[in-house]
Every structure is written in C-alpha cells, then in structure tokens.
Amino acid sequence: MASLLITGGRVLLPDMSVTQADVLVDQDSGSIVEIGSDLTAEKTLQASNSLVTPGFVNGHSHVPMVLLRGYADDKPLDRWLEEDIWPAESKMTPDDVHIGAKLGLLEMIKSGVTGFADMFFHVPKIVDAVDQAGVRARLGHGIVTTGKGDENAFADVKESLDFALEYDGAANGRISTAFMPHSLVTVGSEYLDDFVPKARAAGIPIHYHANETLNEVTPIVEDYGVRPLDYAADHGMLESQDFVAHGVHVDEHEINLLAEAGTSVIHCPASNMKLASGMAPIQRMRDAGVEIGLGTDGAAANNDLSLLDEGRDAAMLGKLAADDAGAVPAELVVEMMTQGSASALGFHSGVIKEGEPADLAVIDLEKPHLTPQHDLVSHLAYAAVGSDVKHTICDGQILMRDREVLTLGEKSIVDQAQQTADLLLSRVSS
Ligand SMILES: N[C@@H](CCSC[C@H]1O[C@@H](n2cnc3c(=O)[nH]cnc32)[C@H](O)[C@@H]1O)C(=O)O
Ligand SMILES: [Zn+2]
C-alpha cells in the first residue's frame, strides 16, 4: 500500500469536534485508513499548528467564467447575462474553456476545494482539466433553448444528455455527470418532456438554476398557474439525486416539496448579493429538512471561487434573511461547505472518517487573523481565508504542498489565461 501520513495536526471530525490526531491515507484506494496516533507511513505531510478539514466542495459553478472576472459587474441577472455575459461567452472557443478551467481549478485547489459541480459548454475540455488537476467533479453541459430554432435547441439538449452518458466515471471515477437544463425559464417544456425521462432512465441526476430571481418565478406562475418547483416536479425534475442552484424565492410549499423529494439546494450567497437576486431562506429550509450545499456560482458574479469566503457570506446573509443572529451558525456553515455540498453532488467525501475518500484541506493556523484559537469551527466559518490553506489532498493524492500546486503549472496557466482573456475580449468588441 502506498501510504501517506498527515501528521501533527488537529483534525475536524464529522460531529464538528476537533481532536489532535494523525490521519493515515491509503494512496492506492484514495481513502482514509485511520485517525489516531503512533501511525507510520511511507510519506508524511506536516500539519503541525494546522487544522485538517474535509476538502471543501463547491456545489455550483461555471468555472471557465474566471476569464470574465471583472468584465461585467454591477448589473442584475437578466441584463448581466443578456447584455454582457452571453455575448462574451458566444466567442469562447474550446481552447478558451480549457485554459479558463485550468485557471479556475488552480484557484480552487489553492483555497482547499477538492470537489465541485460545473455547468458550462465545451465540457470535454473541462473534463481534461479536471483529469490533470486531480480534483473530483460532477460536470454537465448547460442547455438554453429560448431564442434558438428547433434544430439548434434540440442539438443543445441532446449534447447535454450525450455528454452525461459518455463521461460518467471519467478520470478514474473522479468525474461524474448530470443532465443540466440552465433553468426552468430558459429551456422549453417540450424539451424537458422529451429528455428528462431519458436522463432518469439512465440514472443521471439533474441540475439547474431554480427560483434565483423573481423574474424567473413570475412567468411560471402566470403561464402555468403553479410555483416553479411544482412545475419542476411535474416535469420529473425533483428527485433525491437532483440538486438545484439558488432557491432564493421559494415559498413554504416549495420548501416542503424540496424536503419531501430530498432534492438538495446549493446556496450561492455572494452571487445572490452581487446580482441583488434576493436572500435565500437558508435557516427555514434547513429547519424543514432540506439538504443545503454551498456554491460560488461563476466568478463573474462573485468574484472568486473560494468556499471559505462563501461560508462567511452564507452566515452573514443567513442571519440578515432570518432577522436572527442565531440563524446559520458556524457549524451549519462548515457542514454546508463540506458534507452538505458533497452529499448534494453524490460524493462520499465531506467527512474525515475511516473508509471515506481522502479529500482533505490542511489550514495553517499560525496567522494573526486566526489567533487566538478558542473555536476552530468558528474560525472556518468566519475568519479563515483561502490563502490560509497549506496543503490540498484529493483521492489520496497531494494536489498542493506548502502552497505549491503539483498537478498544474501555476505560472504558465496564469500567463496563458491573461493572454486568452485579452484575445477573447478583443473578439467581443470587434
Ligand atoms: N449551452 C448554453 C450555455 C449554458 S451554460 C450555463 C450558463 O449559465 C450562466 N450563468 C452564470 N451564472 C449564472 C447565474 O447566476 N444564473 C443563471 N445563469 C448563470 C453562464 O453564463 C452560462 O452561460 C448556451 O448555448 O447558451
Ligand atoms: Zn449559476
């Protein structure tokens, strides 16, 4: 057995307690073998003065959008997409998506993210980047049919199903897939009726934006006389393996629907604040038994891909939304960024436990802003930032050691990404 010992640190356990222990990893199977003391292994990774946590899981993103970071800010969702983002994305080539994905993966690995879900296009290029980077991912091709002729629309929907069927299990099983209609208002119901049963029959989960803004809720209520999540359920899109992004404007009835169906919600607080989409009722959904994960959404609406940052935003916004300082407490924040997102995406990671995948982040606690150390769960929720992550491990492999990413060349990717983004924007403006 090729073995790795993460030694000298404090370890965050599934019940949110912290204990001084070493973590023994089997690098062949990629799983945690033992949490304890007096353990030995072929290789060691130093974690003294550090906290070993489950790797963070970014439950909803459009990673190649890092190329548009800072390109269009300060607009609401519909105008932002239609006036700026979609025209720019229409000029993105497969090679642009490839370099954008690598840049986003670098950023995520450097902030302790070991798994993510992504909705984009030219997705085989994202598969390639994930394969090289070494993280875990649930990927899909995002479908938009509105504004397209039937032939193009049909091809877009088919591409999403074909991708999901072909790439599930890629990268030695680190990649899984989903069927991804963009939202309930940007994909025609006839396409859902045609393809959702096919995805279902193949056991493929479904992921889409739901109830993100009021502009997405009102047309469904007006046209069909039901709430959006009733409409989703009527089209077979509300099952336990499915996960929706946002869930901002959900009423009590929809919260109960989510809880009964076991469909998870990925909360994206930074995007919801930046696009002024609204405040998701996270504590109320949680109290009703809805599984909640955390996501960054695309970097152009955030503007970073760090889950530690997102966790703090979730706590702050959750309290404001509930008008209760006790809402969305630190433990819930940490649970959402680890177990919550992992379980929404169908990953077994998210907890440090014998037999579970060794997807881990090691956080350097020797920092002025992490001193004193009364409560490390509080620090994870409120004080730690992405650059505090010292080592990142996924599937038993070290992806970053002492802040050096081992699987991707940082300098050349950053240089290429800058050039690629400059060329992309020159094509957009010409
Ligand atoms: N195949 C589709 C592309 C859909 S990918 C998913 C899309 O979600 C978009 N997106 C990013 N952030 C958000 C958000 O917050 N809400 C809704 N859509 C978003 C993103 O720009 C990307 O175009 C087409 O032909 O247009
Ligand atoms: Zn999104």
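Here, residue 1 is the first one in the sequence, and each next residue gets the next number. What's counted below: heavy atoms across the whole structure, side chains too, no hydrogens, waters or symmetry copies. Counting convention: from 1, in listed order, for ligands and their atoms alike.
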Which residue and heavy atom of the protein sit nearest atom 25 (O) of ligand 1, plus the separation: K148 NZ, 2.8 Å
Closest protein heavy atom to atom 18 (N) of ligand 1, given as residue, atom name and distance to 0.1 Å: H182 NE2, 2.7 Å
Atoms in ligand 1 flagged as close to H246, the criterion being non-hydrogen separation under 4.0 Å: 15 (O)
Options K274, E216, E89, ranked by nearest heavy atom to atom 23 (O) of ligand 1, top entry: E89
Whether C268 has an N, O or S atom under 2.8 Å from the Zn ion (ligand 2): no
Distance flag, aromatic centroids of F195 and F154, threshold under 6.0 Å: yes
Atom NE2 of H253 with >12 non-hydrogen neighbours under 6.0 angstrom: yes
Shortest-distance N, O or S atom of D297 relative to the Zn ion (ligand 2): OD1
For D156, atoms of ligand 1 separated by under 4.0 Å from a heavy atom: 1 (N), 2 (C), 25 (O)
Identity and distance of the protein heavy atom lying nearest atom 10 (N) of ligand 1: H62 NE2, 3.6 Å
Whether over 12 other heavy atoms sit under 6.0 Å from D323 CG: no
N or O pair under 3.5 Å between W80 and ligand 1: no
Note, P181 side chain near Y191 side chain (heavy atom, < 4.5 Å): no
Enclosure of K148 NZ (heavy-atom neighbours >12, cutoff 6.0 Å): yes
Check: H182 ring centroid to W86 ring centroid under 6.0 Å: yes
Heavy-atom nearest neighbour in the protein, as seen from atom 6 (C) of ligand 1, with distance rounded to 0.1 Å: M119 SD, 3.6 Å
Residue, atom name and distance, where the atom is the protein heavy atom closest to atom 16 (N) of ligand 1: E212 OE1, 2.7 Å
Residue H141 vicinity, atoms of ligand 1 by number, heavy atom under 4.0 Å: 1 (N)
Side chain D168, main chain L165, donor-acceptor under 3.5 Å: no
Side-chain H-bond candidate by donor/acceptor type, H209 with H60, under 3.5 Å: yes
Short N/O/S contact of H62 with the Zn ion (ligand 2) (below 2.8 Å): yes
Element-labelled atoms of ligand 1 that are located less than 4.0 Å from some non-hydrogen atom of I85: 21 (O)
Nearest option to atom 5 (S) of ligand 1, as decided by whichever heavy atom of P64, A300, G142 sits closest: G142
With D415, the side chain to side chain donor-acceptor pair (under 3.5 Å) member among K411, Q419, Q418: K411
